[in-house]
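A short worksheet on the structure shown next.
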Amino acid sequence: MNRFKDSEHLLRVTGVFLAGIVLFLCLRAWFVPKSFGQYGHYRADSITEIAALPIRHAGHEVCESCHADVLEVKHTGKHANVNCEACHGPLAKHAEDPSIKPVLPDTAVLCARCHEANSAKPKWFPQVVTAEHSQGLPCNTCHQPHKPGLKDTDAKPADSKTADSKTAEAKK
Amino acid sequence: MHFIPAANFTYPNEIELNWSILVVLYPFITGLVAGAFILASLERVFNVEAVKPTYRLALLTALSFMIVAPLPLQLHLGHPERSFEMYLTPHTSSAMAMFGFVYLWYLMVVLVLEIWLDFRHDIVLLSRSTTGLKRVIYRLMTLGSQNISPGALRFDDRAGYTITIIGIPSAFLLHGYVGFIFGSVKANPWWSSPLMPVVFIFSAMVSGIAAVMLLYMGTTKLRGEKINQDCADTIAKYLFYAFIVDFSLEMLDLIHRIYEADESFRSLDFMVHNSLWIPHVIIQLLMGTLTPILLLAATQLMKLPPVTRQRMYALAGSLTLIGIFAMRWNVVIGGQLFSKSLLGYTTYTVPLWTREGLLPAIALTLMPFGILFVLVKLLPPWPGSGPSAKLGGLHAETSGGRL
Amino acid sequence: MNRRFFITLTGAAAVAWDSVLAGAPESSPNYKVTDHWWAMLIDVDKCIGCGNCVRACSVENDVPEGFFRTWVERYQVDDMHLDDPLVDSPNGAKNGFPPLPPGKGLTGPGVKEFFVPKLCNHCADSPCTQVCPVGATFTTPDGVVLVDETYCLGCRYCVEACPYGCRFIHPEKNVAQKCTLCYHRITKGLTTACCEACPTSSRMLADLKNPNDPIHEFMKKHSVQVLKPHMATGAKAFYANLDGSVR
């Protein structure tokens, strides 16, 4: 009896601690997100939320469903496996609402991104030193971007002795 | 000193340092807690009578620093308001997730409970003798129990002893665990080491003992009393022993790294010789480790007058704290000054005013002293200063009784 | 180039786009997480360092300026110093690679150069998800490592734990971010933005649980490695023709 009386104050502390633990468990049950733990130690709903983020690149299949004519040309050339948005940029907005007109890329800048000569590029890849090759002229003066190689049309400007697809060939 | 070689490559996302000076503060503060508690337990469990004057001061010091310990982390979080998620959904595989629980265990079950049991006699007496707000506070602290019969006090003493026994491994757990948070990061060769928790524990003991020694000597001087020379000598002796172990472990780590010279060695070696040269070699090793070890060794080996010894202790203690802070800095910041590509380096300058800047860090370092000031007013830890002691009371008797 | 179809084909575009939004243009109208195990194949020999992937990724995922969910590195390796390559990645290669200024690069008969695209390895035993204290980053049942932005504390432990430097803290949101393998696209039957924009098919999204995925043929025919294999992270960014000097 005396023993209990002399240790009773410790039970009070234990009581305070237990009350704290119970309060914590209640708060925990209340605050833990509902979908937490459905698949693993995380909020399963966040997967759905991330999957629902907006798409910016439509994907070439969507482009091709309208622009079948371009696809036909492209398939016969070296750019057959280059997707539309690799050059035209992200166009999901345009796919959603075709009245939103995309801006045509400037070929003088666009083509150089890939084809400007760089010693670290793989040797099989066609490269030119644009400053020598075209002196700043837009590449589509001579080349048809959807089917590269020289245009066989009459639109070839006189000053473009354009350095030869030989430069390009040599680099291959 | 921040020379960066010409061929310097870091992964593009490595442009910013992720763990700042606040994360340096966190292991430094928990280290002081663990060290102070281990010093206190020396008296209690191992019956080292000489350090008894520091027993209660060490406990209150540990509590003050413990209250502040999580604040630098809290301030460092990108979303401090979400920190309670650590309690709601702790991720069992994360070394960090247990922080909340280890912290609460140590704070409540070890420190608060032990201090409460040890001061209960004083609290009850003070709740009777004081008036006004103070009386309300002491009343609350008694939890409504006024029982200070010899039997109850004897029970408190036994319970306190048991808690100290639990407390020692808890103190090791608390700080070893902090070391594990760093030591288990396999992506970082500067951190990844099984020695890390052990080094952290011993450096914690070193810093905690040094801090309590300085506080004891400082507060005794401030109160115009005489320093108990036997007490100071004994603490200094333990500081010396702990330091020898700590230094050996760190040298073991260093020698192992140099001799093994794995893929990360060139990168880390370059770092130590450049951006870490001053904080690591000069401040941590020469100034903060070797100098205090030599000073302490001198006091052990030579017969010096007490005043000289005390001054040497004060100097050694201060250098120790600087050295251990530098050690935390070199672990936390040093571990982020090189690229994980092992091909480049970055630098870190402490900002001044920002949330993770120098001023918040200084404020957080000073905060425990403010808390300690209040605690000391509330629960006087000085030898013979509590009401129980003044009554010629039972506390002294029971304390002596457990021999 | 002819743009005459735009108005007349509005209907067709709408149908195609709706099918994307509905989830999967052709095959799977209902995406099942347990049917997939996503990975990425990277053929180093095909990378031309154009930076299309970096730009596409940053638009597709609103990547903050100065941080990267994918990037490209240029390596220069001298055969005398295989363990000390010269690497650069100017602005993550967002603007491609200007030639190195004269005198900066390595020269000599034994110097080789190449580009290495990097992204989250979507490790099966990811150290980053292991250390997250609250479960704010995780591996989905289909093998993609994601971050729950509404749950992340911003403690940065995951950033420290990633051996590949793939994570960063979003400067405004203050939460960890990383490559999601365009989870919002691949669950709808599209490929990732980086793969869509890669002109040389140097990157290929792969589904290891799909028996018809070309990855199986590719893995059989090529010698394939992962980055930092000694980290044992179960990395799923598989590299073909990777040089040993790459970290």
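Quick note on labels: first sequence line is chain A, next is B, and so on, each numbered from 1.
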* In terms of heavy-atom pairs under 4.5 Å with chain C, which of Glu263(B), His76(B), Lys186(B) leads? -> Lys186(B)
* Structure fact -> Okay, Ser184(B) and chain C: the region with an atom under 4.5 Å from a heavy atom over there is side chain
* Which one, Leu88(B), Ile181(B), Thr92(B), Asn188(B), leads in non-hydrogen pairs under 4.5 Å with chain C? -> Ile181(B)
* Side-chain donor-acceptor pair under 3.5 Å between Arg167(C) and Thr137(C), yes or no? -> yes
* To do: List the steps and the verdict of salt bridge (charged side-chain N to carboxylate O under 4.0 Å, His left out) for Glu149(C) and Lys173(C).
  => CA-CA 8 Å; Glu149(C) 283 190 3; Lys173(C) 296 179 176 176; 3.3 Å; yes
* Asked: Between atom CG of Leu111(B) and atom CZ of Phe65(B), what is the distance when rounded to the nearest 0.5 Å?
  -> 12.5 Å
* Of the backbone (N, CA, C, O) and the side chain (C-beta and beyond), which part of Leu77(B) lies under 4.5 Å from a heavy atom of chain C, both, or neither? -> both
* Structure fact -> When the 4.5 angstrom heavy-atom criterion is applied to Gln336(B) and chain C, the contacting part is side chain
* To do: Establish, yes or no, whether a centroid distance under 6.0 Å links the rings of Phe9(B) and Tyr345(B).
  => no
* Do Phe97(C) and Phe115(C) make the cut of ring centroids closer than 6.0 angstrom? -> yes
* Asked: Is it true that Trp191(B) and Phe180(B) have ring centroids separated by less than 6.0 Å?
  -> no
* Based on non-hydrogen pairs under 4.5 Å, which of Trp71(C), Tyr157(C), Phe68(C), Phe67(C) is most in contact with chain B? -> Tyr157(C)
* Contacting region of Tyr164(C) [heavy-atom separation from chain B under 4.5 Å] -> backbone
* Asked: For chain C, which of Glu85(B), His91(B), His79(B) has the most heavy-atom pairs under 4.5 Å?
  -> Glu85(B)
* **Distance flag, aromatic centroids of Trp19(B) and Tyr348(B), threshold under 6.0 Å** => no
* Asked: Of the listed residues (Pro85(C), Cys132(C), Gly92(C), Pro90(C)), which shares the most heavy-atom pairs with chain B below a 4.5 Å separation?
  -> Cys132(C)
* **Interface residue of largest heavy-atom contact number with chain B, from Val131(C), Asn91(C), Leu153(C), Asp84(C), under 4.5 Å** => Leu153(C)
* Asked: Which region of Leu73(B), side chain (C-beta onward) or backbone (N, CA, C, O), has a non-hydrogen atom less than 4.5 Å from a non-hydrogen atom of chain C, or is it both or neither?
  -> neither
* In terms of heavy-atom pairs under 4.5 Å, which option from Glu160(C), Gln130(C), Glu73(C) contacts chain B the most? -> Glu160(C)
* Structure fact -> Looking only at Ser89(C), Cys166(C), Ala136(C), Cys152(C), most heavy-atom pairs under 4.5 Å shared with chain B are made by Cys152(C)
* **Choice from Glu14(B), Glu81(B), Glu16(B), Lys340(B) maximising heavy atom contacts with chain C below 4.5 Å** => Lys340(B)
* Asked: So what's closer than 4.5 Å to chain B heavy atoms on His230(C): side chain, backbone, both or neither?
  -> side chain
* Taking atom types as modelled and ignoring hydrogens, do the side chains of Thr200(C) and Ser202(C) form a donor-acceptor contact shorter than 3.5 angstrom? -> no
* Spacing of Phe338(B) atom CZ and Trp190(B) atom CH2 [to the nearest 0.5 Å] -> 8.0 Å
* Check whether the side chains of Arg203(C) and Thr192(C) place a donor and an acceptor atom closer than 3.5 Å, and report yes or no. => no
